[in-house]
2 protein chains.
Amino acid sequence: MRIETIENYLKNIYHLSSNNTMVVSNQKLADKLAISPASVTEALRKLHELKFVVYEKSYGTRLTAQGTKEALGIVRRHRIWETYLAKELGFGWHEVHEIAEELEHIKNDKLINKLAQIMGNPAFDPHGDPIPDAKGKIMKSNFVKLSEAKVNNQYKVMGVTDHSIAFLKYLEKHQLIIGAVLSIKTIEEFDNSIILTCKKKEVIISNKVAERIIVEVI
Amino acid sequence: MRIETIENYLKNIYHLSSNNTMVVSNQKLADKLAISPASVTEALRKLHELKFVVYEKSYGTRLTAQGTKEALGIVRRHRIWETYLAKELGFGWHEVHEIAEELEHIKNDKLINKLAQIMGNPAFDPHGDPIPDAKGKIMKSNFVKLSEAKVNNQYKVMGVTDHSIAFLKYLEKHQLIIGAVLSIKTIEEFDNSIILTCKKKEVIISNKVAERIIVEVI
DNA sequence: TTATTAATTTTGGTATACCTAAAAGATTTT
DNA sequence: AAAATCTTTTAGGTATACCAAAATTAATAA
Ligand SMILES: [Mn+2]
Ligand SMILES: [Mn+2]
Ligand SMILES: [Mn+2]
Ligand SMILES: [Mn+2]
């Protein structure tokens, strides 16, 4: 198998398994990779053969230790590049993902560690996602979704779960960016929309938006 | 054809044609790409079809305007990355080529132009090779090979024509790096080896080495 | 528990990018 | 101008990564 093919499978298996906590179905993988289920079956058999995954016919797939290590390497490279593009090269957080999709395949530890070192080994990328360290260790946090916020509390924006350009641009427009401090004024009973203040400006967001924003109580 | 395949052909056709001044033989391309002549014939027919080259059966191949533009883009990306890796990220000139071979395929003008801008739009890479500007224009120079140097003259090292790691490390050991100032002391009649001083230290180099160093009279 | 639906695998393809060996064409030497 | 040699092309073939359609298996509803 081509190395880039392997990497794309492992990365997506990792994400779809919610950081390795559950097995992944062929269907979900096929959707994510935008290919047919037939192709997924074929590829998984080969990845099993290569000992990157344990593929149990008609049941599901999970990463082996080796597969997890590979996946974490890809995730690290992706997020280090996203952070470098945003922090050091002036790209917006809605632009970095696409470029990082390509840069993540360039395997050179010296390069990635140098970029990380220049930035002081950041633990989170521009979307608030954790960056595995050189050994693959991920800093875990106890963040919650903004949709679970309580009235009168204050929160700090720590990340997003939707990385689409449309969503990120929407957030930027309302200054709902990483680090922003939010005060919850009202939560509408009817549709769970939230009225909050951010940078002294009042903002009304739908539950759909709130579900996609990760915050920390302050 | 896969975009990376196309790019590797165009880049190598460009280099083998000495910046587009002559047609390229299938043999030379096959050698450079380390593939069989049969595969080259096949690929060239497709590249002709795609209007990247003019391929004349049993005669030779040259780039079209479109092919040249593509090739210059690849060369620009390669050399900008080599320069960025060396100047901004602390890599040695013998390390940068390998990494740039992968980075050169990532097509994002904003990224490349940003890197170039950070470095003040350099015109030459760490090996002294010219970097095409965003429009594909190359600064031309009137450098000569050190093997054509004259006794008692002073020269400044401007580049190398051999990019092998072994050669670059050899040069580094003797401080024969870009920008070094050389005074020619003696040229041995017998084998054209050169005795020169560099940073006040006397160095003896063979003709083979001198042929691979590009200098400018000062 | 059987029927229906949904997910997965099998089967039989395609296109790309390579290959070797043989044939054809071009160039150089005698 | 032949013969010898070198280069290029053709013919036939492989591995990878995908596909659609059919067959199978699993999950859900009746
Ligand atoms: Mn991303
Ligand atoms: Mn991210
Ligand atoms: Mn190079
Ligand atoms: Mn170079």
Side-chain angles (χ1 to χ4, degrees), chain A residues 1-18 22-63 66-67 70-71 74 101-102 104-105 107, chain B residues 1-18 22-64 67 70-71 74 101-102 104-105 107:
Chain A
M1 288 177 96
R2 282 182 48 223
I3 181 73
E4 232 191 274
T5 306
I6 293 176
E7 288 182 351
N8 279 330
Y9 273 95
L10 297 184
K11 177 179 69 163
N12 285 296
I13 292 167
Y14 177 80
H15 289 313
L16 288 174
S17 69
S18 310
M22 48 203 255
V23 299
V24 176
S25 72
N26 292 18
Q27 189 87 103
K28 289 243 174 66
L29 250 181
D31 288 351
K32 196 80 177 291
L33 293 164
I35 59 177
S36 73
S39 301
V40 170
T41 301
E42 241 186 305
L44 290 178
R45 244 200 312 259
K46 288 181 198 156
L47 289 169
H48 184 114
E49 201 53 49
L50 294 168
K51 303 218 195 303
F52 284 119
V53 306
V54 177
Y55 158 63
E56 286 181 73
K57 201 169 145 173
S58 288
Y59 163 68
T61 303
R62 61 197 160 71
L63 296 172
Q66 199 201 332
E70 279 298 315
I74 301 156
E101 279 294 307
E102 303 192 54
E104 72 186 6
H105 297 291
K107 266 175 159 163
Chain B
M1 288 177 96
R2 282 181 47 222
I3 181 74
E4 233 192 272
T5 307
I6 293 176
E7 288 182 351
N8 280 330
Y9 273 96
L10 296 184
K11 178 179 67 164
N12 285 295
I13 291 167
Y14 177 79
H15 289 312
L16 288 173
S17 69
S18 311
M22 49 203 254
V23 300
V24 176
S25 73
N26 292 20
Q27 188 87 100
K28 288 241 174 69
L29 250 182
D31 288 351
K32 196 79 177 290
L33 293 164
I35 58 178
S36 72
S39 301
V40 170
T41 302
E42 242 185 305
L44 289 177
R45 243 199 313 257
K46 290 181 197 158
L47 289 169
H48 184 113
E49 201 53 48
L50 294 167
K51 304 223 195 302
F52 285 118
V53 306
V54 177
Y55 157 64
E56 287 181 74
K57 201 169 144 172
S58 289
Y59 164 68
T61 302
R62 61 196 160 71
L63 296 172
T64 61
E70 279 298 315
I74 301 156
E101 280 294 308
E102 303 191 55
E104 73 187 5
H105 297 291
K107 266 176 158 162

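Quick note on labels: first sequence line is chain A, next is B, and so on, each numbered from 1.
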Quickly, which of Glu104(B), Glu4(B), Glu70(B) forms a salt bridge (charged side-chain N to carboxylate O under 4.0 Å, His left out) with Lys11(B)? Name it, please.
Glu104(B)

Full working for side chain to side chain contact (heavy atoms under 4.5 Å, CB included) between Leu44(A) and Leu29(A)
CA-CA 10 Å; Leu44(A) 290 178; Leu29(A) 250 181; 4.0 Å; yes

Starting at atom CG of Leu29(B), determine the distance to atom P of dT9(D), rounded to an integer number of angstrom.
11 Å

Walk me through whether Glu7(A) and Tyr9(A) qualify under side chain to side chain contact (heavy atoms under 4.5 Å, CB included).
CA-CA 5 Å; Glu7(A) 288 182 351; Tyr9(A) 273 95; over 6 Å; no

Specify the separation, in whole Å, of atom NZ of Lys57(A) and atom C1' of dA27(D).
18 Å

What is the minimum heavy-atom distance between Glu102(B) and His105(A), and which atoms define it?
OE1-O, 4.3 Å

Taking atom NZ as the centre, does Lys28(B) end up with more than 12 heavy-atom neighbours from other residues, nucleotides or ligands that are less than 6.0 angstrom away?
no

Which part of the nucleic acid does Tyr9(A) contact within heavy-atom distance under 4.0 Å: base, sugar-phosphate only, or nothing?
sugar-phosphate

DNA chain C-proximal residues of residues 32-47 of chain B, any heavy atom under 4.0 Å
Ala34(B), Ile35(B), Ser36(B), Ala38(B), Ser39(B), Glu42(B)

Donor-acceptor under 3.5 Å (Ser17(A) side chain, Val23(A) main chain):
no

With nearest nucleotide decided by heavy atoms, which residue, Ser58(A) or Arg2(A), maps closer to the 5′ end of DNA chain D?
Arg2(A)

For Gln27(A) and dT28(D), what is the distance between atoms CD and P respectively, to the nearest whole Å?
13 Å

Exactly one of Val53(B), Leu16(B), Val40(B), Leu63(B) should register a side chain to side chain contact (heavy atoms under 4.5 Å, CB included) with Val24(B). Which one does?
Leu16(B)

Within 6.0 angstrom of Glu49(B) CD, more than 12 heavy atoms from elsewhere:
no

Range on DNA chain C touched by chain A, heavy atoms, distance below 4.0 Å
dA7(C) to dT10(C)

Tyr59(B) OH to dT9(D) C1', straight-line distance once rounded to whole Å
18 Å

